[in-house]
Amino acid sequence: MGASQPAPPQAAAPPPARVVTRFAPSPTGFLHIGGARTALFNLLFARHHGGDFRLRIEDTDRARSTEPAIAAILDGMTWLGLDWDGEVVYQFARAARHAEVAHQLLAAGHAYRCYATPQELEALREAQRAAKQPMRYDGRWRDRTDFPNDQPYVIRLKAPRDGSVTIDDLVQGPVTVANAELDDMVLLRSDGTPTYMLAVVVDDHDMGVTHVIRGDDHLNNAFRQLALIRAMGWQEPAYAHIPLIHGSDGAKLSKRHGALGVDAYRDEMGLLPEAVENYLLRLGWGHGDDEIISRAQAIQWFDLAGVGRGPARFDMKKLESVNGHYLRAADDARLVALIAPAMATALGRGLTDAGRDLLRRSMSELKKRASNLNDLASGSLFLLRSRPIPMDDAAAKLLASAGAALLQAARDTLAGTSEWTAPALEHEARGLAEARAVKLGQVAQPLRAAITGAAQSPGLFDVLALLGRDESLGRIDDAIAHLQQERATA
RNA sequence: GGUCCCUUCGUCUAGCGGUCUAGGACGUCGCCCUUUCACGGCGAAAACACGGGUUCGAUUCCCGUAGGGAUCACCA
């Protein structure tokens, strides 16, 4: 600790404070996957300790902050169920309070006016760069009192110059930085607005934040923020700096591999929020061999000590796999509702109640064959198509090589079944295959093509049962008619 | 470049001095199930970055090297 550190405010231990964490995104873009994970960890930690999870929008940069970005962040948080406590705090609205603290520091002698111009500082940096010296403010106004009257000035923190500061980071462990490495940061700009460094510290303090959990790109900032906290004599929060997420190639996450808004994971990739949450939780944190972890279990198990110290790579394949798991576990009616819009678009018409009911009844089979909602929707389309349904190339080939005669025989056999159920239909089909001394597949594949328009589908007899007698027979008739017409024109 | 952080299968991770012939998951490959595709089941290949220490004993502790990352604004 530096010799010039002020004494801790209270020697007596304060009562065990209620844990308060916060997620503080700046609304310059959308809520990306890394931010979502940071928010998740903050939420889980707070809930684990029965505390509060707050949300603060860091919109002090007026030029870069936008309304749509704020809306997108709130939307993304809501979708993922990252429910925050209390009101959202907008940092810009607190600028007066921030300035007040800066002036308080100035009055107490913990801060000073600096009249160096931006050009002057740029020249300083240039000289340092040329001399291969570390680039930092040299404190030229730190002890001066000959202030010009009409010149603009900034307020800088008079930070300790000797000694060092150690942060016992809850993820990174003890990290020590010499005070000589830190320069006197700007608290209040010459236009009177607060800098980020000032704003975070004041807001965290005023919001009662006890644990600052954020990306490790802020680790270096923590030391300067701590100097400010100590100058004010405030209670120091605990810090936890979690590693950033990297792209699949190990480079910093970019548009190419995953650094999209979470809305893209929902709207474009068709992922379920609980799957994204589970994947994010496991990215950088583990609990033994557990992979599928519910929110309730996560709250019970989550701890900062379990967070890895190295950056993790984003792996879309695994996310899809986790999504597939949650898709299969999801409620059928919910899935129907989720894919209905996309299906209506593909079909060019809205879904009828009968159509929705058919989807719901088929869902247990459909969802086993999809790992995201897009595939689920496209894989379900054949059920709702209007006759005659379109054939893909594989299906057309299957029908052509089978021939109309076989289809007709199959149609007659199926039509003769006493009850239109999957077991009964399968029994009939097997009987036909046996009578013709062919494998079941010889009969089933052409039928599948006629019924679904594809070479792959859920179990054929389940589909027949689901579609019903009239629709099924009708589709087979369509295929037969098509084959005969082709032969006639050939 | 200065400072700080990190390093177990391709990827996410378990491991917190002997239980490691290093476990799980995704991916890959093979087999089974089977009317197709999936789901599911079984199995295989696949890792402690390197070099020094400390120790009776290092994946586990310490120090280097290499590699990776973060950060050095009147941005956040």
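Nearest to the side-chain atoms of A/Leu460 among the listed nucleotides B/U71, B/U35, B/U13 stands B/U35. Of all nucleotides listed (B/C6, B/U35, B/C39), B/C39 comes nearest to the side chain of A/Arg328. The side chain of A/Ala312 lies closest to B/U13 when the candidates are B/G40, B/C26, B/U13. Each of B/A70, B/C12, B/C74 was ranked by its minimum atom distance to the side chain of A/Leu283; first place goes to B/C12. Each of B/U36, B/G68, B/A76 was ranked by its minimum atom distance to the side chain of A/His218; first place goes to B/A76. You'll find that the side chain of A/Lys368 is closest to B/C39, out of B/C6, B/C39, B/U71. Comparing B/C4, B/G2, B/C12 by their nearest atom to the side chain of A/Arg313 picks out B/C12. Among B/A76, B/C5, B/C26, the nucleotide with an atom closest to any side-chain atom of A/Tyr196 is B/A76.
OP1 and OP2 of B/C74 both lie 4.0 Å or more from every side-chain N or O belonging to A/Thr195. An OP1 or OP2 oxygen of B/A76 is reached within less than 4.0 angstrom by no side-chain nitrogen or oxygen of A/Arg64. Between A/Arg309 and B/C16 there is no side-chain N or O to OP1 or OP2 distance below 4.0 Å. Taking only side-chain nitrogens and oxygens, A/Arg156 comes nearer than 4.0 Å to OP1 or OP2 of B/C74. Within the structure, every side-chain polar atom (N or O) of A/Arg448 is placed at least 4.0 Å from both OP1 and OP2 of B/C37.
If you check every strand for non-hydrogen atoms under 4.0 Å, A/Tyr279 touches nothing. Among the atoms of the strands shown, none is found under 4.0 Å from any heavy atom of A/His241. Using a 4.0 Å heavy-atom criterion, one finds that A/Leu244 contacts the sugar-phosphate atoms exclusively. At the heavy-atom level, A/Met197 lies under 4.0 Å from base atoms of the strands shown. Looking at heavy-atom distances under 4.0 Å, A/Val175 makes contact with sugar-phosphate atoms alone, never a base. Among the protein residues, A/Glu58 comes within range of the sugar-phosphate backbone only, with heavy atoms under 4.0 Å from sugar or phosphate atoms but none that close to a base. A/Thr176 comes within 4.0 angstrom of sugar-phosphate atoms only, judged by non-hydrogen atoms across all strands, and of no base. At a threshold of 4.0 angstrom between heavy atoms, the contacts of A/Ser321 are confined to the sugar-phosphate backbone, with no base atom among them. Using a 4.0 Å heavy-atom cutoff across all strands shown, A/Ala116 reaches at least one base atom of the nucleic acid. Using a 4.0 Å heavy-atom cutoff across all strands shown, A/Pro25 reaches no nucleic acid atom at all.
To the nearest whole angstrom, the two C1' atoms, one in B/U59 and one in B/C16, are 11 Å apart. Taking the P atoms as reference points, B/G2 lies 41 Å from B/U19, given to the whole Å. Separating the C1' atom of B/A76 from that of B/C61 is a span of 39 Å, rounded to the nearest Å. When the P atom is used for both B/G24 and B/C20, the distance is 12 Å, rounded to whole Å. Atom P of B/A66 sits at a distance of 15 Å from the matching atom of B/G51, rounded to the whole Å. Between the C1' atoms of B/A14 and B/C50, the separation comes to 24 Å (whole Å). As rounded to the nearest Å, B/C48 and B/U60 have P atoms that lie 12 Å from one another.
Under 3.5 Å, the side chains of A/Asn278 and A/Glu274 contain no donor-acceptor pair of N or O atoms. In summary, the side chains of A/Ser371 and A/Glu320 do present a donor paired with an acceptor at a separation below 3.5 Å, with no hydrogens or angles considered. Using modelled atom types and a 3.5 Å distance limit, the side chains of A/Arg94 and A/Gln91 yield no donor-acceptor pair. In this structure, a donor-acceptor pair under 3.5 Å is present between the side chains of A/His98 and A/Asp203.
Other residues, nucleotides and ligands contribute only 12 or fewer heavy atoms inside 6.0 Å of the CD atom of A/Glu434. More than 12 non-hydrogen atoms from other residues, nucleotides or ligands lie less than 6.0 angstrom from CG of A/Asp331.
Under 3.5 Å, the side chain of A/Arg369 and the base of B/C37 form at least one donor-acceptor pair of N or O atoms.
Taking the centre of each ring, A/Trp285 and A/Phe302 come in below the 6.0 Å mark.
Within the shown strands, B/G18 is the pairing partner of B/C56 under the Watson-Crick or G-U definition, both distances less than 3.5 Å. Under the Watson-Crick or G-U wobble criterion, with both distances below 3.5 Å, B/A25 is paired with B/U11. With both pairing distances under 3.5 Å, B/U3 is matched to B/A70 as a Watson-Crick or G-U wobble pair. Look at B/A38: it lacks any Watson-Crick or wobble partner with both distances under 3.5 angstrom.
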Stepwise side-chain hydrogen bond (donor to acceptor under 3.5 Å, both in side chains) check, A/Asp184 with A/Tyr112: CA-CA 9 Å; A/Asp184 292 339; A/Tyr112 59 94; 2.6 Å; yes
